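If you read the sequence from its start, that first residue is 1, and numbering goes on from there. Keep in mind that what you see is a predicted model, and the values were worked out from it rather than measured. Each ligand, and each atom within it, is numbered from 1 in the order the structure gives.
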Amino acid sequence: MQDRIRHAGMHDRLMSAEQAAALIGPGMTVAMSGFTGAGYPKSVPQALAARMDAAAAAGAPFRIKVLTGASTAPELDGALARANGMELRLPYQSDPVLRERINNGEIDYIDMHLSHVAQHTWSGFFGNIDLAVIEVAGILEDGRLIPSSSVGNNKTWLDQADQIILEVNAFQPAGLEGMHDIYYGTALPPDRKPIPLTAPDERIGEPYLHVDPAKVVAVVRTDAPDRNSPFSAPDEASREIAGHLLDFFDHEIQRGRLPGKLLPLQSGVGNIANAVLAALSEGGYEGLTAYTEVIQDGMLNLIRNGVIKMASATSFSLSAAGVKEFNDNIDFYRTRILLRTQEISNHPELIRRLGVIAMNGMIEADIYGNVNSTHIAGSKVMNGIGGSGDFARNGSLSVFMSPSTAKSGSISGIVPMVSHVDHTEHDTMIIVTDQGLADLRGLAPKQRAQLIIDRCAPRLPPHAPGLLRPRQARELRQAHPPPPRRVPLLARQACRNRQHAHATGPPPNRLNPITQHLNNGRNSQYQVLSMDGVGIVSFRK
Ligand code: 0RQ
């Protein structure tokens, strides 16, 4: 095969990962490639972590600020976090070691919309970008770069960083060349122009990234695969969620609110999202499109079997089996997949114009439709908001999905009040759990609450101890004279219930603040029927 490094001058800058890592100094702001475990640098971060370990052992801690596209992998986030070498990380992560350090307060973490990262960098909010470490699949004779398995923020990093280290990864298939569409027309206000993209399969840029060769201080050869985490086989809850969603799509097509080929699909990360995609292949669809961030195994299968004719994204996130399928059939996929910068894959203007159907996982939703995608019990981050906000706010349909309970049924996914808000009730249109689907469009808060509880909340067996009896309800009415409210909520009690649930599992037969409030309301529309240990389960008009 032709050498991946075709620019003569770049050969002079070839060096080992250790030599390249020595160019990074304490306190630097370093931007790295990588998005959902794809296209991240594989060797320089590990060599840097070794330096950090040595520095710490010598009593001189060595820490840097790290910016990426999204999550990376053990060789980057894991290695630098283990070496305690990060003082700041943004904008999305999913590494267990890094997560622990963030949640222990040892690393500052800026969790932000992925579409905002480039513009905030240009505006200088993260300070000067001292250096960028970018994985590429090759370097052309003229110095342009063949992007790797993700694009993410690489255009911005190459443009904004003072110095560049390139990792040229021979493991990435040469057939990636031509699969990218890098648009160079974005700007800060007031110089913005409409982005000329009206369908997911349109090309508006070019297949290569630009770099000023004078800024390239090191070129490192690597030959290593991406993270390639396996996906769990869809479980019963995921299949039920997928079934409800497909029924809903059918209903919307029959009502004329969705075309037969749906609208461009966005699918988030995680096992549930992957399971929904798997189910779509049995839904009788063909010729669909995707305008999304990440191509997971489920989407690759849909492209393979013609259900999706074309997908636009910024990255892959494949299992080892998915990578093999992709690499073995790359000529087929090259005409059906376009990888763009995350500025474009997540651009609000484009998501709104295309009418994207946004489908994302969540940790919990409250009965009014506020959604927590990121924080367990309000304070421990799981991954980050990623692109879910870009898509949910601007899509024509914003769907959030989760099993109705977590941790073996001990924590309700539907709660009185979310412990952290990522997506407000104003952005949330559809909530789906294994129990059912609530279409919140056109509903006022108390109507939303009734529907979410009726359709989505976990169910109790008929004689469960949480059943609220009429006498108890009467007593409660006397105990808590109710103020009429637009959004009934006893916030203090909602928080107390949650703390208890997370500390000890489901609390014993305790009255839920919302059920109390709704039941107590002189002008309440609802009568409480039952409740679970964590949040209310059902009430009726
Ligand atoms: O924990 O791994 O310890 O078992 O959260 O939950 O049910 O496996 O669901 O893999 O689909 O992820 C929201 C995290 C869901 C994901 C989230 C625990 C649960 C498990 C994972 P364990 P599941 P998924 C585009 C879109 C934000 C970013 C986004 C996410 C773990 O979808 O990161 O959407 N979204 N980006 O046990 C306590 C609860 C819980 C809970 C779940 N209520 N309480 N723990 N868990 N609910 C892509 C990008 O932006 C890049």
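- Residue contact check for ligand 1: S317 places no non-hydrogen atom closer than 4.0 Å to it.
- Considering backbone and side-chain atoms together, Q266 places no N or O closer than 3.5 Å to any N or O of ligand 1.
- Under a 4.0 angstrom heavy-atom cut-off, A273 registers as lying outside contact with ligand 1.
- N154 and E135 share no donor-acceptor pair across their side chains, judged by distance under 3.5 Å alone.
- A salt bridge is absent between E167 and K42: the closest approach of a Lys/Arg side-chain nitrogen to an acidic carboxylate oxygen does not fall below 4.0 angstrom.
- Counting the atoms of ligand 1 from 1 in the order shown, those under 4.0 Å from a heavy atom of G384 are 27 (C), 28 (C).
- A salt bridge does not link R101 with E87: none of the charged nitrogens is closer than 4.0 Å to a carboxylate oxygen.
- Note on ring orientation: taking the six-membered ring where Trp is involved, the planes of F326 and F316 are tilted (angle from 30° to 60°).
- Here is the list of ligand 1 atoms found below 4.0 Å of a heavy atom in T36: 51 (C).
- When heavy-atom distances to ligand 1 are checked against a 4.0 Å cut-off, N360 comes that close only through its side chain, counted from C-beta outward.
- Proximity of I363 to ligand 1, defined as any heavy-atom pair under 4.0 Å, is shared by backbone and side chain alike.
- Under the ring pair (Phe, Tyr, Trp, His ring centres under 6.0 Å) criterion, Y92 pairs with no residue, sequence neighbours left out.
- Under 4.0 angstrom from ligand 1, the non-hydrogen atoms of E293 all belong to its side chain.
- Short contacts between ligand 1 and I385, defined as distances under 4.0 Å to a heavy atom of the residue, involve ligand atoms 28 (C), 29 (C), 36 (N).
- Near M382, meaning under 4.0 Å from any of its heavy atoms, are these atoms of ligand 1: 5 (O), 14 (C), 18 (C), 31 (C).
- The contact set between ligand 1 and N383, taken as ligand atoms under 4.0 Å from a residue heavy atom, comprises 14 (C), 30 (C), 33 (O).
- Under the ring pair (Phe, Tyr, Trp, His ring centres under 6.0 Å) criterion, H347 pairs with no residue at all, not counting sequence neighbours.
- The aromatic rings of H113 and H116 sit perpendicular to each other, their planes meeting at more than 60°, with 30° as the lower class boundary.
- Looking only at atom types and distance, the side chain of D77 has a donor-acceptor partner in the side chain of T72 under 3.5 Å away.
- Close approach of ligand 1 to Y92 (heavy-atom distance below 4.0 Å) involves ligand atoms 28 (C), 33 (O), 51 (C).
- Crowding of R82 atom CZ: a count of heavy atoms from other residues, nucleotides or ligands under 6.0 Å not exceeding 12.
- Those atoms of ligand 1 with a heavy atom of A406 less than 4.0 angstrom away are 39 (C), 40 (C), 41 (C), 47 (N).
- Residue-ligand proximity, G386 to ligand 1, at heavy-atom distances under 4.0 Å covers atoms 50 (O).
- A salt bridge between E75 and R227 is absent, with no side-chain N of the basic residue lying under 4.0 Å from a carboxylate O of the acidic one.
- For a threshold of 3.5 Å applied to N or O pairs, the pair formed by M362 and ligand 1 contains no separation below that value.
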